[in-house]
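Labels below follow one simple rule: chain letters A, B, ... track the order of the sequence lines, proteins then strands, and each chain is numbered from 1. Hydrogens, waters and symmetry mates are skipped; everything else that's a heavy atom, side chains included, is used. Please read all numbers here as calculations on a predicted model, not as lab measurements.
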Amino acid sequence: MTDRNIIELKNITVSFDGDTVLDDLNLSIRDGEFVTFLGASGCGKTTTLRVIAGFITPDNGDVFFDGKRINDLPPHKRNVNTIFQRYALFPHLNIYDNVAFGLKVAKVPKDEIERRVDEMLELVNMKAMKYRKVQTLSGGQQQRVAIARALVNNPRVLLLDEPLAALDYKLRKDMQNELRRIQQTTGITFIFVTHDQEEALSMSDTVVVMNEGKIQQIGSPTDIYNEPKNAFVADFIGESNIIDGVMLEDYKVKLDGREFVCLDKGFRKNEPVDVVIRPEDVDIVPAEKGELTGEVTSNTFKGDYYEMIVDVCGFKWMVQATDETKVGAKIGLIIEPDAIHVMKKSKYSGKFGDYSTFSDEMDQMEEEEEEAELESEATENE
Amino acid sequence: MNKRKGTFGTAALNTPFVVWSAIFIIVPLIFVIYYSFFDQDSGVFTLDHVKYFFGNPSVLKSFGQSVWLSVASTLISLLIAYPFAYFLSKKRPASQRVQMVLVMAPMWMNMVVRTYSWATILEKNGLLNNILESMGLGKINIIGTSGAVILGMVYNYLPYMILPIYTSMSKIGTPLLEAAEDLGCNSFQKLTRVIMPLSLSGVVSGIIMVFVPSISTFYISQAMSDRKILLIGDIIESQITGMWSTGGLNRGAAMSFVLMVIILICTFIMNKYADSDEGGMMI
Ligand SMILES: Nc1ncnc2c1ncn2[C@@H]1O[C@H](COP(=O)(O)OP(=O)(O)OP(=O)(O)O)[C@@H](O)[C@H]1O
Ligand SMILES: [Mg+2]
């Protein structure tokens with residue numbers, strides 16, 4: 001990755017029929033960077049890609065490519081290729097010709113086209129059926145053809161709109177590694193869209209968290225995870241307990257009536273704040289030794305850990321532990337200073353991070369009911 | 001899985017269609033074949049009627065006229081319809097709808113009326129010549145020329161060319177066109193590499209839908225040529241209506257039959273050609 005910006009979005013605003021879809025978006029993407037847009041459905045990820053590709057002219061703001069303003073440059077003149085969310089493969093062409101399309105338009109010599117297309121089909125594991133019609137392919141196969149069709153052109157910037165969404169778990173993992181490897185060896189700038197946070201964190205140099213047409217946070221995966229900027233990001237990335245707190249002074253925060261030492265500073269005295277504590281950062285101790293005490297209200301086995309909901313003074317925490325604790329048990333919680341992340345209050349405060357309506361609890365209740373029903377049925381049948 | 005389940009419902013829905021086809025397609029066809037191949041008096045099989053088509057110079061000349069005029073009008077229709085459909089499909093949806101209604105509007109009027117209106121405009125003392133004369137230019141004779149007949153065919157059948165082409169173009173959809181742009185196509189390359197191949201089936205349908213009625217028409221040539229140009233349809237018509245009692249019915253039937261076979265073969269070849277490039281389509 002270089003320090004030069006290849007794409008810059010400045011004050012981009014896009015609206016459709018009066019609905020603002022992108023709201024004063026500012027973003028710089030460096031040459032060779034792997035950037036991921038992460039956000040819920042409808043937050044404007046595809047729209048942002050379409051602005052970069054040139055299919056949408058923003059109502060306001062400027063798009064720069066390599067330092068040049070390209071607002072008025074039509075899509076076919078931009079050195080950008082897209083893997084479309086809905087594939088958009090050409091139904092009149094077979095797999096090979098779909099992939100060769102861009103190279104043929106660019107009048108690349110025939111033998112070079114053949115070599116590059118074959119290489120690409122090999123890469124996405126589609127070489128064996130290269131003369132098949134694309135309509136006969138499964139969703140995952142079409143997606144792989146779409147990847148090959150864009151990548152084969154070797155663009156400066158590749159836009160990937162949820163390119164792995166239709167693949168099964170194993171293939172998705174393989175393709176994630178493959179795409180990451182391609183990105184690193186070719187140095188092509190990847191702008192990747194996903195709503196899978198694990199995918200975003202594991203693949204990218206930089207993650208851009210979006211919500212409602214606004215960028216919530218830009219940062220490295222570790223920054224985003226460890227230092228979420230507001231309650232939305234904290235909740236969207238991983239599991240988070242988000243508790244109302246008061247910043248008493250630098251390095252000292254009060255929550256649930258107790259003072260805790262933390263690593264954050266720079267807040268006003270007694271400023272109300274949101275405090276994020278990740279479920280895996282909470283230590284469990286016997287009740288009398290805890291800084292906080294609570295009652296376990298549910299406990300779910302997750303394979304390599306237990307996920308508990310703990311009621312602390314009416315606020316439900318999610319806590320992860322390696323040992324099982326019985327539902328109903330009183331336990332103590334200890335929170336180390338580096339487990340505490342203090343955030344400024346935002347419009348998302350109070351909307352996220354409380355597990356009192358957590359679905360697992362519901363699931364469990366339903367399951368218990370079902371089990372009871374099954375049992376009574378079984379006794380009736382006997 | 002449950003393919004059989006629908007059979008009864010399908011059959012019930014199909015029944016009117018089957019009955020309709022039987023009465024209005026199969027039965028007339030049997031009559032045509034009967035009159036073409038059997039002697040009316042003795043009821044014996046004969047090829048005399050069919051031979052009349054191939055052995056009679058005036059029939060062959062009319063047939064040749066029909067072929068060239070209908071090929072010409074089909075090509076002209078295509079040349080007008082394709083660009084029209086292309087530019088129309090790029091317009092906003094609302095204006096596309098309005099323009100399609102305008103394209104189809106003439107079809108709501110009876111063809112006879114439409115053709116006669118053209119004839120009255122173009123005839124020796126018609127509107128056009130009056131205007132030309134008042135401007136100091138001489139009269140021109142249009143009625144009776146091949147051009148007039150082609151004009152009549154194109155005017156009457158153009159919507160049948162526009163409609164399938166427009167439909168196949170609007171089915172292509174923006175995502176594919178954007179993908180083409182994304183891969184470096186300018187407007188012209190988009191047209192040649194995506195729109196043309198994907199609208200080929202519409203072109204084939206349009207060609208069939210214009211060519212078939214053009215080659216068999218008798219009415220347009222009568223109105224637009226003042227009976228100076230006799231098409232194969234005119235011959236068939238005059239055989240059947242004028243020489244009913246002297247074997248005209250048999251000769252007319254035989255000519256219809258030959259014409260039908262030729263059209264079927266052409267249609268079949270056209271469809272084959274379209275199929276090789278794209279999936280199913282209408283005949
Ligand atoms: N052409 C359009 N006309 C009207 N509204 C649009 C158009 N394109 C997008 N929108 C709206 O803009 C918003 C953002 O859409 P966008 O496709 O960018 O979402 P997204 O983040 O890609 O979502 P997803 O994860 O579901 O793909 C949505 O509310 C969508 O309905
Ligand atoms: Mg999208």
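Of the two parts of A:L159, neither the backbone nor the side chain holds a non-hydrogen atom closer than 4.5 Å to a non-hydrogen atom of chain B. Interface remark: A:K104 contributes backbone and side-chain atoms alike to the contact with chain B (heavy atom separation under 4.5 Å). If you measure heavy-atom distances from A:F90 to chain B, the contacts under 4.5 Å come from both the backbone and the side chain. Residue contact with chain B, scored on non-hydrogen atoms closer than 4.5 Å, involves the backbone and the side chain of A:R149 alike. For chain A, the nearby part of B:Q189 is the side chain; its heavy atoms alone come within less than 4.5 Å. Residue A:N81 touches chain B through both its backbone and its side chain, counting heavy-atom pairs closer than 4.5 Å.
Applying the 6.0 Å contact sphere to OH of B:Y160 captures no more than 12 heavy atoms from other residues, nucleotides or ligands.
In this structure, A:F101 and B:C185 approach most closely via the heavy-atom pair CE2-SG, 3.5 Å. Of all heavy-atom pairs between B:P175 and A:A88, the closest is O-CB, 3.8 Å. Of all the heavy atoms in A:A53 and B:D182, the pair that sits closest is CB-OD1, 4.4 Å. Minimum interatomic distance between A:F55 and B:E181 (heavy atoms only, all atoms of both residues): CE2-CB, 4.1 Å. Shortest non-hydrogen contact noted between A:V105 and B:G184 is CG1-O, 3.4 Å.
Ranked by heavy-atom pairs under 4.5 Å with chain B, the first of A:H76, A:R86, A:K77, A:R50 is A:H76.
A side-chain donor-acceptor contact under 3.5 Å links A:H92 to the backbone of B:R193.
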